[in-house]
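Have a look at the structure below, then the notes.
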Amino acid sequence: MSWDLELLKRALQIRYVKLRFGLRIAEDTRLPVNKVSAIRGGIGEMLLRANCIRDRQCKSCDFESECIVRRTLYSRFEEKPDFVTSGDSVGYVLECENYNEDFQEGDILEFHLILFGKTIVYFSQFLQAVHQLGLAGVGKAHARYTVASVRNTVGKDILRGSEVFMERYQVLTLWDYVTYRQKGLTARRPPDLIRFQTPVTLKYQGKMQQSLSLEAMIPALCRRIYMLDCFEGIDCEQLRWDGDWPLVLQEYSRPVPVCRYSSTQDQKMSLWGTKGALHLEEIPEELIPLLLAGEVTHMGKNTSFGFGRYRLSAT
């Protein structure tokens, strides 16, 4: 065994809440192909409009330490890992794999918002920002919508009309999710396929990867879990795999660009990742809980833009 199960279990005591938002489109319109960036940018803009009192001059702001935008979108680590240099937050992940562009009045657009650790307590700020974004409009066409529903992981309504049911706000841990997923896998063949639903950006041995490999994925996932442990203030060393790598039966991948507009840099940008699947002869049993946890956390860079989402399954 390459790592102790109790160590892994402690590392996966990271709290999270996964919410499914349903947005009812108000009129015939068009939305961007990649909606996560538009939603994320829109939420940030709505939070700034509602809360910024220093004309968005963040570097010189004397209220920066108490800024609600910082606490929601750019939450600080309890203890910052040495390898973290960017200002991106690990406090949340957005998911939306609806790539349709044309929407008619009454259509429902769904996306997931996953909140981690102390960001969990800021649900009302996220909800209000999503609501305000619907009034202002999202994307280049300023598509307007109303928030039709917010549901928890078992499909129960947290929001009904204007009433919020916080007793249905389910706070789980990554270990809870792993235990749940493992039960579903026991009756089937052991998982041997990792398929990415969104592009993943991986760096391994100092180089950006253009193909998929477990050798690059596992260290990236260990770093991701460690970052969330530091964010939560969980006293746990970084997981490191020193076991053998399974034989690759098939790997197929392609580079995928995701275009976004940066309001902070006032320009269009392209984020690049790799999309595809990795079919392995056999995944080591000790790695399966870690890979299952990564289904929630995503892996690699740009996870706040929806990158690095994958699913573990058996062929």
Side-chain angles (χ1 to χ4, degrees), residues 18-58 67-74 88-89 91-115 119 122-151 157-164 198-199 256-271 302-307 309:
K18 186 169 185 176
L19 306 166
R20 186 170 80 245
F21 281 74
L23 312 180
R24 180 174 288 109
I25 305 300
E27 57 197 357
D28 294 358
T29 190
R30 287 179 64 85
L31 285 168
V33 173
N34 299 296
K35 297 167 184 62
V36 167
S37 178
I39 293 170
R40 179 189 183 272
I43 288 173
E45 175 63 23
M46 296 304 108
L47 286 168
L48 284 168
R49 289 184 188 181
N51 297 284
C52 182
I53 60 174
R54 290 299 192 207
D55 197 28
R56 309 193 185 198
Q57 302 301 311
C58 301
C67 175
I68 198 70
V69 184
R70 290 287 183 187
R71 290 177 180 268
T72 50
L73 291 189
Y74 302 101
D88 246 5
S89 175
Y92 65 95
V93 164
L94 285 163
E95 298 176 345
C96 182
E97 274 88 66
N98 184 326
Y99 301 112
N100 295 332
E101 293 183 82
D102 294 311
F103 286 80
Q104 295 181 334
E105 179 183 349
D107 286 350
I108 298 293
L109 171 67
E110 290 191 337
F111 74 90
H112 287 111
L113 173 65
I114 306 173
L115 303 177
T119 311
Y122 295 112
F123 166 63
S124 62
Q125 280 75 27
F126 279 99
L127 177 59
Q128 182 64 23
V130 174
H131 168 71
Q132 290 299 128
L133 181 58
L135 299 177
V138 63
K140 185 184 295 185
H142 299 287
R144 295 183 302 109
Y145 63 79
T146 57
V147 181
S149 63
V150 180
R151 295 188 173 98
D157 287 314
I158 296 174
L159 177 71
R160 185 184 299 155
S162 60
E163 189 174 2
V164 177
T198 62
V256 177
V258 174
C259 298
R260 61 175 293 258
Y261 176 79
S262 172
S263 58
T264 55
Q265 300 185 38
D266 192 26
Q267 63 178 345
K268 291 182 179 179
M269 303 175 64
S270 289
L271 302 175
N302 301 317
T303 53
S304 61
F305 292 100
F307 275 48
R309 185 186 183 193

If you take all heavy atoms of Arg40 and Leu94, which pair is closest and at what distance?
CB-CD1, 3.5 Å
Would you check if Asn302 and Pro199 make a side-chain contact, meaning some heavy-atom pair closer than 4.5 Å?
no
For Phe123, what residues pass the ring-ring contact (aromatic ring centres under 6.0 Å, His included) criterion, not counting sequence neighbours?
Tyr169
Tested for ring pair (Phe, Tyr, Trp, His ring centres under 6.0 Å) against Phe21, the lone hit among Tyr145, Phe111, Phe126 is Phe111
Please report the interatomic distance NE2(His142) to CG(Leu133), rounded to the nearest 0.5 Å.
11.0 Å
Ignoring hydrogens, what is the shortest heavy-atom contact between Thr72 and Thr119? Give both atom names and the distance.
O-CG2, 3.7 Å
Answer yes or no: is there a side-chain heavy-atom contact under 4.5 Å between Gln128 and Gln125?
no
Do Tyr92 and Ile114 make a side-chain contact, defined as non-hydrogen atoms from C-beta onward lying under 4.5 Å apart?
no
Working to the nearest 0.5 Å, report the span between CG of Leu48 and SG of Cys67.
7.0 Å
Kindly give the heavy-atom pair with the smallest separation between Ala143 and Leu31, and that separation in Å.
CB-CD2, 3.5 Å
Qualifying salt bridge (Lys or Arg N to Asp or Glu O under 4.0 Å) pairs with a residue from residues 19-34, counting only residues at least two apart or across chains
Arg20-Glu110, Glu27-Arg144, Arg30-Glu101, Arg30-Asp102
Calculate, to the nearest 0.5 Å, the distance between atoms CG and CG belonging to Leu115 and Leu19 respectively.
6.0 Å
Which atom pair, heavy atoms only, marks the closest approach of Val147 to Val130?
CG2-CG1, 3.9 Å
Heavy-atom closest pair, residues Ile25 and Thr29:
CG2-CG2, 3.8 Å
With rounding to the nearest 0.5 Å, note down the distance linking CG in Asn51 to CE in Met46.
11.5 Å
Could you give the distance from CG (Asn34) to SG (Cys96), rounded to the nearest 0.5 Å?
9.5 Å
Under a 3.5 Å distance rule, please check whether Lys35 uses its side chain to pair with a backbone N or O of Asn98 as donor and acceptor.
yes
Flag, side chain of Glu163 to backbone of Gly161, donor-acceptor distance under 3.5 Å:
no
Supply the atom-to-atom distance Glu95 CD to Leu113 CG, rounded to the nearest 0.5 angstrom.
9.5 Å
Specify the closest pair of heavy atoms between Ala148 and Ile108, including all atoms of both residues, with the distance to one decimal.
CB-CD1, 4.2 Å
Find out whether Gln132 and Arg49 are in side-chain contact, i.e. whether some heavy atom of one side chain is under 4.5 Å from a heavy atom of the other.
no
